[in-house]
Amino acid sequence: MGRAMFWALAQFVKEAVKFFKRKRYLSTDEASAMLGISPRTLRRRVQEGAIPPPRHYGHWEVSYKYEDIENYLTRIHEN
């Protein structure tokens with residue numbers, strides 16, 4: 001990876017983190033994008049107990065706490 005591409009990627013990640021930090025709750029798509037995994041994998045991590053379950057609003061609407069996703073991300077990067 002070239003230096004310019006690495007810099008562009010670093011800037012993108014930095015801006016993405018700032019965007020997600022402004023939100024207190026994340027949709028399934030937002031949470032999975034923040035973690036870099038698919039929504040299906042995110043649901044599997046919840047079933048495994050690695051990530052706290054989301055809040056349910058109706059049958060299809062769910063919201064993950066930003067702090068829960070951030071804590072999971074911190075834990076996986078520490079190991």
Side-chain angles (χ1 to χ4, degrees):
M1 181 181 320
R3 213 173 222 177
M5 184 180 260
F6 179 78
W7 185 83
L9 180 61
Q11 289 302 109
F12 172 77
V13 169
K14 182 179 170 184
E15 290 301 315
V17 167
K18 283 193 328 191
F19 170 76
F20 286 125
K21 280 189 174 185
R22 280 182 267 167
K23 296 190 74 168
R24 184 173 163 94
Y25 292 97
L26 305 171
S27 69
T28 301
D29 289 339
E30 291 170 332
S32 62
M34 183 176 171
L35 295 172
I37 59 177
S38 71
R40 187 175 187 177
T41 302
L42 174 61
R43 288 188 289 274
R44 193 172 332 120
R45 298 288 185 268
V46 170
Q47 289 176 343
E48 294 168 351
I51 298 173
R55 292 183 176 195
H56 289 266
Y57 302 100
H59 186 67
W60 296 104
E61 296 282 326
V62 297
S63 293
Y64 291 86
K65 279 183 156 181
Y66 174 83
E67 294 83 17
D68 293 341
I69 302 301
E70 186 177 48
N71 290 339
Y72 175 74
L73 196 56
T74 302
R75 281 194 317 269
I76 62 172
H77 285 296
E78 287 177 349
N79 294 332

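Just so you know, residue 1 is the first one in the sequence shown, and it goes up from there. Just so we're clear, the structure is a prediction, and the values are computed from it rather than from any experiment.
- Asp29 is linked by a side-chain contact (heavy atoms from CB on, under 4.5 Å) to Ser27, Pro39, counting only residues two or more places apart in sequence or in another chain.
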Run the side-chain donor-acceptor check on residues 43-55: report pairs under 3.5 Å with partners two or more places apart or on a different chain.
from	atom 1	to	atom 2	distance (Å)
Arg45	NE	Tyr72	OH	3.1
Arg55	NH1	Tyr25	OH	3.3

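- The line from CD of Glu61 to NE2 of His56 is 11.5 Å long, rounded to the nearest 0.5 Å.
- The minimum heavy-atom distance linking Leu42 with Ala31 is given by the pair CD2-CB, 3.8 Å.
- Within 6.0 Å of CZ on Phe12 lie no more than 12 heavy atoms contributed by other residues, nucleotides or ligands.
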Next on the checklist: Walk me through whether Glu30 and Tyr64 qualify under side-chain contact (heavy atoms from CB on, under 4.5 Å).
Outcome noted: CA-CA 9 Å; Glu30 291 170 332; Tyr64 291 86; over 6 Å; no
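- Taking CZ of Arg24 as the reference point, atom CD of Glu67 lies at 5.5 Å (rounded to 0.5 Å).
- One finds the CG atom of Leu26 at 9.0 Å from the CG atom of Leu35 (value rounded to the nearest 0.5 Å).
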